[in-house]
Amino acid sequence: RQYGYSPFKQRALDEACYFHDIGKLEIQDDILKFPGRLTNRQYETIKTHPERGAKFIQDIPIPLLNRKIIENIVLYHHERWDGKGYPHGLAGKDIPLEARIVAVADTWDAMTSHRCYKEAMSVPDAVAELKRVRGTQLDPDVVDVFLVILDTILQKEKLHSSVTTISEQDPSTAASV
C-alpha cells in the first residue's frame, strides 16, 4: 500500500512471494539443510536458485498479469542495493521494487526464524541488523517502510497483550483498573 499498489497488485505481490525460493526445489537437501557454514562450492550452488526458479516458473500456468511480478521476485530477490548481490549484480533502483520488498521481508524472516544451522534472532537484534544493512544490502526506503509497519504491528500486539492481561485478572480488580 505504501508504494501505491492497487489492491489487485498488492494481492499479486502477496501471492508472488510464495514463489521467491522456488528454485531451491532443484538444490540438494544436504546443501539446503547443511548445519554449518557452507563451503564456497555449496554457496555457489545456492546462488543458482534464482535463475533455476526463473526457468522453473516458465512451465507454470501463471496469469499474465502476475507473471512479471513473480519473475522479478524469483530472479532478483537476492540482488543487493549496493550491487554486490546475485545473480546479475543489479544495484539500487535497477532492482525491481517487488524484489526489493521481498528482499527485506525475506531477510527479516531469515533472521527471526529458527533454522537448522542457526537460532532465531530477537526482534530488537533483527531490527538493529536491518538498520545496519539499510543502504548496502537492502533498499533504505523499503527498510524504513518495513520498520514503520513492524512498529505498528508491535504496538498493536503490546496493546492486545495488556488488554488480555487486564481481562485475565480477578474481575474485582479488573474493574478498578
Side-chain angles (χ1 to χ4, degrees), residues 2-3 12-62 66-150 153-154:
Q2 314 312 52
Y3 289 98
L13 177 63
D14 181 54
E15 292 172 358
C17 291
Y18 293 105
F19 288 95
H20 80 280
D21 276 339
I22 198 165
K24 286 185 177 177
L25 291 173
E26 296 186 358
I27 306 289
Q28 304 89 318
D29 273 353
D30 62 322
I31 294 175
L32 291 175
K33 296 178 181 176
F34 192 73
R37 186 170 175 85
L38 296 174
T39 66
N40 286 342
R41 186 169 178 227
Q42 290 169 321
Y43 183 59
E44 289 303 316
T45 300
I46 288 287
K47 286 171 46 177
T48 66
H49 85 271
E51 290 176 314
R52 290 176 187 231
K55 288 177 187 166
F56 187 87
I57 63 170
Q58 296 308 311
D59 295 329
I60 298 174
I62 299 168
N66 295 4
R67 181 167 290 282
K68 190 61 179 168
I69 292 173
I70 293 171
E71 288 173 349
N72 285 343
I73 288 170
V74 170
L75 190 55
Y76 302 119
H77 72 282
H78 282 290
E79 298 290 353
R80 290 175 46 124
W81 187 253
D82 61 10
K84 296 179 181 175
Y86 61 89
H88 300 294
L90 299 180
K93 299 209 177 192
D94 288 340
I95 305 165
L97 176 59
E98 50 270 15
R100 290 182 272 141
I101 292 169
V102 171
V104 172
D106 192 36
T107 300
W108 178 261
D109 180 62
M111 291 189 298
T112 59
S113 299
H114 172 80
R115 305 288 168 98
C116 63
Y117 51 87
K118 69 161 200 65
E119 292 299 316
M121 277 184 171
S122 68
V123 169
D125 287 347
V127 167
E129 182 63 10
L130 276 184
K131 289 178 179 179
R132 187 184 73 76
V133 300
R134 177 191 178 279
T136 55
Q137 177 183 339
L138 301 170
D139 178 334
D141 295 333
V142 176
V143 170
D144 291 347
V145 168
F146 179 86
L147 291 174
V148 167
I149 293 168
L150 177 66
I153 292 167
L154 294 175

**Student:** Would you check if Lys93 and Trp81 make a side-chain contact, meaning some heavy-atom pair closer than 4.5 Å?
**Tutor:** yes
**Student:** With rounding to the nearest 0.5 Å, note down the distance linking CD1 in Ile101 to CG in Asp14.
**Tutor:** 11.5 Å
**Student:** If you define the side chain from C-beta out and look only at heavy atoms, does anything of Arg41 sit under 4.5 Å from Glu44?
**Tutor:** no
**Student:** Considering only heavy atoms from C-beta outward, does the side chain of His49 approach that of Tyr86 to under 4.5 Å?
**Tutor:** yes
**Student:** Measure the CG-CG distance between Asp139 and Leu97 for me, rounded to the nearest 0.5 Å.
**Tutor:** 7.5 Å
**Student:** What salt bridge (charged side-chain N to carboxylate O under 4.0 Å, His left out) pairs are there with at least one residue in residues 111-127, not counting sequence neighbours?
**Tutor:** Asp109-Arg115
**Student:** Any chance you could measure Ile95, atom CD1, to Asn72, atom CG, to the nearest 0.5 Å?
**Tutor:** 11.0 Å
**Student:** Measure the spacing between CG of Asn40 and OG1 of Thr45 and express it to the nearest 0.5 Å.
**Tutor:** 10.5 Å
**Student:** Val148 vs Asp144, test: side-chain contact (heavy atoms from CB on, under 4.5 Å). Steps then yes/no.
**Tutor:** CA-CA 6 Å; Val148 167; Asp144 291 347; 5.7 Å; no
**Student:** Considering only residues two or more places apart or on different chains, which pairs with a residue in residues 25-36 satisfy side-chain hydrogen bond (donor to acceptor under 3.5 Å, both in side chains)?
**Tutor:** none
**Student:** With a 4.5 Å cut-off on side-chain heavy atoms, are Ile27 and Arg52 touching?
**Tutor:** yes
**Student:** Output every pair passing ring pair (Phe, Tyr, Trp, His ring centres under 6.0 Å) with a member in residues 15-47, not counting sequence neighbours, ordered by first then second residue.
**Tutor:** His20-His77
**Student:** Apply side-chain contact (heavy atoms from CB on, under 4.5 Å) to Leu147 and list each qualifying residue two or more places apart in sequence or on a separate chain.
**Tutor:** Val127, Leu130, Lys131, Val143, Leu150
**Student:** Hey, could you give me each pair passing salt bridge (charged side-chain N to carboxylate O under 4.0 Å, His left out) that has a residue in residues 73-86? Not counting sequence neighbours.
**Tutor:** Arg80-Asp82
**Student:** Is there a side-chain contact between Phe56 and Val74 in this structure, where contact means two heavy atoms from C-beta onward sitting under 4.5 Å apart?
**Tutor:** no
**Student:** Using side-chain heavy atoms (C-beta onward) and a distance below 4.5 Å, is Tyr76 in contact with His88?
**Tutor:** yes
**Student:** Do Leu13 and Ile73 make a side-chain contact, defined as non-hydrogen atoms from C-beta onward lying under 4.5 Å apart?
**Tutor:** yes
**Student:** Given side chains that start at C-beta, do those of Glu71 and Gln58 come closer than 4.5 Å, heavy atoms only?
**Tutor:** yes
**Student:** From the options Ile60, Ile22, Leu75, Ile62, select the one residue that forms a side chain to side chain contact (heavy atoms under 4.5 Å, CB included) with Ile70.
**Tutor:** Ile62
**Student:** Might you point out which heavy atoms bring Thr107 and Ala103 nearest each other, and give the distance in Å?
**Tutor:** OG1-O, 2.7 Å
**Student:** Checking Phe146 now: which residues fulfil ring-ring contact (aromatic ring centres under 6.0 Å, His included) with it, not counting sequence neighbours?
**Tutor:** Trp108
**Student:** Between Asp21 and His78, is the side-chain contact (heavy atoms from CB on, under 4.5 Å) condition met? List the steps.
**Tutor:** CA-CA 10 Å; Asp21 276 339; His78 282 290; 4.1 Å; yes
**Student:** Under a 4.0 Å threshold between the charged nitrogen and the carboxylate oxygen, would Arg100 count as salt-bridged to Asp141?
**Tutor:** no
